[in-house]
Amino acid sequence: MTTDTQNDKPKSLPDAKLPRGFADRDALDVAATERMLAKIRETYVLYGFDVLETPFIEFTEALGKFLPDLDRPNEGVFSFKDDDDQWLSLRYDLTAPLARHVAENFDKLPKPFRSMRSGWVFRNEKPGPGRFRQFMQCDADIVGAGSVAADAEMAMLMADTLEAVGIARGDYQIKVNNRKVLDGVMEAIGLAGDDNAGRRLTVLRAIDKLDKFPADEIRKLLGPGRKDESGDFTKGAGLDADAIERVIQFTGWGDQGAGAQSPLGNLGLTLANFRAAVAGSERGEQGCQELETMAALFEAAGYDTSRIVIDPSVVRGLEYYTGPVFEAELTFAVKGDDGRPVRFGSVAGGGRYDGLVSRFRGEPVPATGFSIGVSRLLAALRLLGKIDDQAATAPVVVLVMDRDQIAHYQKLVAMLRQDGLRAELYLGDSGMKAQMKYADRRGARCVVIQGSDERERGEVLIKDLVLGATLSSAPDRDAYLKAQAEAQFAVTETAMLDGVRKVLARG
RNA sequence: GCAGCUGUAGCUCAGUUGGUUAGAGCGCUAGAUUGUGGAUCUAGAGGUCCCCCGUUCAAGCCGGGGCAGCUGUACCA
């Protein structure tokens, strides 16, 4: 705000640019997003969820994102101080606001409470491909249902929703795991207790990277650590060889029929692996039991392993998930503009978070839900060419040949609009050639031209720009004009609507 | 955050061992075409060589420090 700095460089103009991670969205983007959102919402509604809308801004405290031991919000969250010195934040997901809403209105709400929300969320962190600082999510959650039947329903809804937006069966996979199983594995390798909390996190993070790195790289992360290709070093969990192999074994690497790199079709074998890995852990056994129940529900509802699988590499966020977790991934390769494969990560994810509402209320309130990354899903589908970017019907452009006749041109435009045709008058200052160029850029199918000759005869000239474009290879000027005559024709003003419609109907 | 790489026209990039007026292609604007976009030809506009400091008679080029972007990695509700 210092005017001094501005005085130093009086001639410097502000850079017209956006902070990274933010993007403008044009008419095509907006239309495609709205179409996709409509399909997602329709599916959620079918499952009985009610729409809820919450504000972009909440008390930072309500979102629960203060830095540990600091009187300051987490750096990943956009935050500012209000007049009354309270920290406010832009929401970074749609789950924390739901927890606040439920806690605030607990007595009024029917329970279990089925809620869906969609909208922009904000994260102050480094963006990447398919990763923005403002992006759209669409959530569905059930609060007040502790049974894994609710979790199973979430996984099935994820599958149905992805199919509703046009992803074919087989092109996606819903992966399910259970945090209790992971906790059990930690116990089994001797990482129980508060002392080992840090190492447990490191191990879980390493497991989470199974779909990113080969098994040997994971071994390094579980053991001493790993260098990336730029030579940067990541500290490992420091497990001994035995424990490393137990973890790797749990994930199913090297085993047939289970694990991230093996076919996931055999749920029985996967579960058997899990049971072996958590042997001796009560919590781990409970997790296995839950997964088994869910698997039975999937089967009964007709969701086979081509849609929903149990996958040990799914970890999800480390902060609040307490039971089943799920994640949706696209299973086909996506190539970027440069032809290199793009890693998109999961397009949807969620799980059981029994602690989130009880944070506000001292009593246990079970909840489960998931979130679809609408922006990311759209970006992936666009790269695949699966978004039919049908432009909004391009306008008919009425050219201005004689400036003193603007009123009359306006009248022609009004006639088109009254007939329901998207139409506009050229409002710039340039000559006819530039006006044609303008119409071309607008993607207009045709233009309406009226010079003094036509006006005297009470006619307009309608030019088909698409047809006109195909006649560019005329050998000489005469042939060019002659060919052009086929692409443009004169009609009386009263027949203008029919003429324009005729051209538009040419497709 | 950490590491590596890269910053020259709107875009993609050349630019010699440091040397005078920094170039190309594409794009843009206009003319050739009584009043016609896309092709061809011609002309024109457009630059703080990322910023600052230093070395030098002389820096787009060399040195130091910033900043920004890209990639990897970390974190990710």
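Predicted model only: the values in this text are computed from it and were never measured. Each chain gets a letter, A, B and so on, in the order its sequence line appears, and its residues count up from 1. These numbers come from the heavy atoms of this one structure, side chains and all, not from hydrogens, waters or symmetry mates.
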Ignoring the backbone of [X], work out which of [options] is nearest its side chain.
| X | options | value |
| --- | --- | --- |
| A/S430 | B/U36, B/A74, B/A30 | B/A30 |
| A/Y92 | B/A30, B/U36, B/A77 | B/A77 |
| A/K212 | B/G31, B/U73, B/A77 | B/U73 |
| A/Y320 | B/U36, B/A77, B/A74 | B/A77 |
| A/D228 | B/C75, B/G72, B/G35 | B/G72 |
| A/E454 | B/G35, B/U73, B/C76 | B/G35 |

With rounding to the nearest 0.5 Å, note down the distance linking NZ in A/K502 to CG in A/D464.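 That separation rounds to 10.0 Å.
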Can you check the [X] [atom1] to [N] [atom2] distance for me, whole Å?
| X | N | atom1 | atom2 | answer |
| --- | --- | --- | --- | --- |
| A/R100 | B/A77 | CZ | P | 21 Å |
| A/L465 | B/G37 | CG | P | 11 Å |
| A/M436 | B/A30 | CE | P | 14 Å |
| A/F22 | B/A68 | CZ | P | 15 Å |
| A/D93 | B/C75 | CG | P | 19 Å |

Gap in Å between the two P atoms, one belonging to B/U33 and one to B/G27, rounded: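 That atom pair is separated by 22 Å.
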Determine the Euclidean distance between corresponding C1' atoms of B/A22 and B/C13; express it in Å to zero decimal places. 14 Å
Quick check on the 6.0 Å ring-centre criterion: do A/Y438 and A/Y426 meet it?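 Between A/Y438 and A/Y426, the centre distance is under 6.0 Å.
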Pair A/F56 and A/F122, ring centroids less than 6.0 Å apart: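 So the answer is yes for these two rings.
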Would a 4.5 Å heavy-atom cut-off, applied to side chains only, mark A/S375 and A/W120 as touching?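 In short, these two side chains touch, coming nearer than 4.5 Å.
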Polar side-chain contact A/Q435-B/U36 base: donor and acceptor under 3.5 Å: no
Report yes or no: is there a donor-acceptor pair, N or O only, under 3.5 Å between the side chain of A/R123 and the base of B/C76? no
Under 4.0 Å, counting only non-hydrogen atoms across every strand here, what does A/V77 touch: a base, just sugar-phosphate, or nothing?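 Here A/V77 touches the bases of the nucleic acid.
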Under 4.0 Å, counting only non-hydrogen atoms across every strand here, what does A/K235 touch: a base, just sugar-phosphate, or nothing? nothing
Lys/Arg-Asp/Glu bridge criterion (N-O < 4.0 Å) met for A/K209, A/E217: no
Check A/V203, A/D183, A/T202, A/V185 against A/L191 for a side-chain contact (heavy atoms from CB on, under 4.5 Å) and give me the one that passes.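 The residue from A/V203, A/D183, A/T202, A/V185 that satisfies side-chain contact (heavy atoms from CB on, under 4.5 Å) with A/L191 turns out to be A/V203.
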With a cut-off of under 6.0 Å to the ring centre and 45° to the axis, is A/R226 in cation-pi contact with A/F213? yes
Tabulate protein N/O versus nucleotide N/O from nucleotides 26-28 of chain B, keeping only pairs under 3.5 Å, one per line.
unit_1: B/C28; atom_1: OP1; unit_2: A/R441; atom_2: NH2; d: 2.6

